[in-house]
Asks: 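This is the structure, below, for whatever I ask next.
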Amino acid sequence: APAAEPATKATTLTKTEGLVRLAKPGPELWVEAKAPVALVPGDRIKTAWGRAEITFPNGAVVRLQHDTSFEVRASEVEPVTGRRRLVSFLSRGLVRAVVKSLRTEEGFAIKSSSAVCAVKGTDFAFDGSAAAVFDEADDAKHEVTLSDSAEEHAVLVGENMMAGIG
């Protein structure tokens, strides 16, 4: 029999701590989640009094803090560059994302109702309207593109900087 695909090939809920709930696409049915769990577009995660970590196929890791609601979405084409990017949606709370350098044709974004945080590779925190970029103590230039939800107006947020929409 062929070997099973490694977990890194799928978006995976890789760590859970405390109360973490998961709802699959379809009816509003929340169940307690315990890592590891393979995730598909439309899966929603709520941390309540817990924390969770999601690992994406490109190696990006998103850490959900307490009282956070997060949805895994399908990849899409960026409106400006035409590149494909993995997208998720933050409806409430705070996430910290560590995105290693991606290939030229790849991107990664977390959207909310008021803002979009898009990166090619960096360590950042996002609460749905503001982004903070952490210093990675290397020679690479790390930035986050923070834009309004329509992605019509944007600002680059560099290392050790914070910016917000609204």
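Everything quoted here is computed from the prediction, not taken from an experiment. The first residue in the sequence is number 1, and the count goes up from there.
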Asks: Is it the case that one hydrophobic cluster holds both L64 and V116, taking links as side-chain heavy atoms less than 4.5 Å apart, direct or via other members?
Replies: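 Result: no, two separate clusters.
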
Asks: Please round to the nearest 0.5 Å and tell me the distance separating atom CZ of F134 and atom CD of E159.
Replies: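 Spacing of CZ (F134) from CD (E159) equals 11.5 Å.
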
Asks: How far apart are the C-alpha atoms of V95 and T68, what are their side-chain angles, what is the distance that settles it, and do they pass the side chain to side chain contact (heavy atoms under 4.5 Å, CB included) test?
Replies: CA-CA 8 Å; V95 296; T68 295; 4.1 Å; yes

Asks: Could you walk me through whether R85 and E76 pass the salt bridge (charged side-chain N to carboxylate O under 4.0 Å, His left out) test, one step at a time?
Replies: CA-CA 6 Å; R85 67 178 175 189; E76 64 180 31; 2.8 Å; yes

Asks: Could you go through the side chain to side chain contact (heavy atoms under 4.5 Å, CB included) check for R21 and V31 one step at a time?
Replies: CA-CA 5 Å; R21 295 185 186 267; V31 296; over 6 Å; no

Asks: Can you tell me how far OG of S91 sits from CD of E71, rounded to the nearest 0.5 angstrom?
Replies: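 Separation between the atoms: 7.5 Å.
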
Asks: Cluster question for you: counting only ILVMFWY and a side-chain heavy-atom cut-off of under 4.5 Å, with indirect links fine, are V61 and F126 together?
Replies: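 Unlinked, V61 and F126 end up in two clusters.
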
Asks: Please tell me if the side chains of V87 and V72 come closer than 4.5 Å, counting only heavy atoms from C-beta onward.
Replies: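 Not touching, per the 4.5 Å side-chain cut-off.
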
Asks: What I'd like to find out is whether the side chain of L86 reaches to under 4.5 Å of the side chain of P57, using heavy atoms alone.
Replies: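 L86 vs P57: side chains touch.
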
Asks: Once you round to the nearest 0.5 Å, how far does CG of L146 lie from OG of S129?
Replies: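 With rounding to 0.5 Å, CG (L146) is 8.5 Å from OG (S129).
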
Asks: Kindly indicate whether the side chain of T145, heavy atoms from C-beta on, has any atom under 4.5 Å from the side chain of V119.
Replies: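 When only atoms from C-beta onward are counted, V119 and T145 do not touch, as no gap falls below 4.5 Å.
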
Asks: Hey, could you give me the CZ/SG distance between F108 and C117, rounded to the nearest 0.5 Å?
Replies: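 So the CZ of F108 and the SG of C117 are separated by 10.0 Å.
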
Asks: I165, L94: one ILVMFWY side-chain cluster at the under-4.5 Å cut-off?
Replies: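 No; tracing contacts between hydrophobic side chains, which count when under 4.5 Å, never links both residues.
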
Asks: Any chance you could pull the hydrophobic cluster mates of L19, using side-chain heavy atoms under 4.5 angstrom and chaining through other members?
Replies: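 Once heavy-atom contacts under 4.5 Å are chained together, L19 belongs with W49.
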
Asks: Any donor and acceptor pair, going by atom type alone, linking the side chain of T16 with main-chain N or O of A35 inside 3.5 Å?
Replies: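 Judged by distance alone, yes, a pair lies under 3.5 Å.
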
Asks: When you measure from the centre of the six-membered ring of F89, is the NZ or CZ of R44 closer than 6.0 Å and no more than 45° off the axis?
Replies: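 The answer is no; the distance or angle limit is not met.
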
Asks: Walk me through it: do R84 and S75 pass the test side chain to side chain contact (heavy atoms under 4.5 Å, CB included)?
Replies: CA-CA 7 Å; R84 267 211 136 352; S75 63; 3.7 Å; yes

Asks: Quick one: are I45 and V20 in side-chain contact, heavy atoms under 4.5 Å?
Replies: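 Touching, per the 4.5 Å side-chain cut-off.
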
Asks: Side-chain contact test, heavy atoms from C-beta onward, threshold under 4.5 Å: evaluate it for I110 versus F124 and give yes or no.
Replies: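 Counting from C-beta outward, I110 and F124 do come under 4.5 Å.
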
Asks: Please identify which of these residues, T12, T11, T14, meets the side chain to side chain donor-acceptor pair (under 3.5 Å) condition with T55.
Replies: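 It is T14, the one option of T12, T11, T14 that forms the side chain to side chain donor-acceptor pair (under 3.5 Å) with T55.
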
Asks: Under 4.5 Å between any side-chain heavy atoms of T122 and V144, yes or no?
Replies: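 Of all side-chain heavy-atom pairs linking V144 with T122, at least one is under 4.5 Å.
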
Asks: Taking salt bridge (charged side-chain N to carboxylate O under 4.0 Å, His left out) as the cut-off, I'd like each qualifying pair that reaches into residues 54-67, sequence neighbours left out, listed once.
Replies: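 For residues 54-67: E53-R63, D67-R92.
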
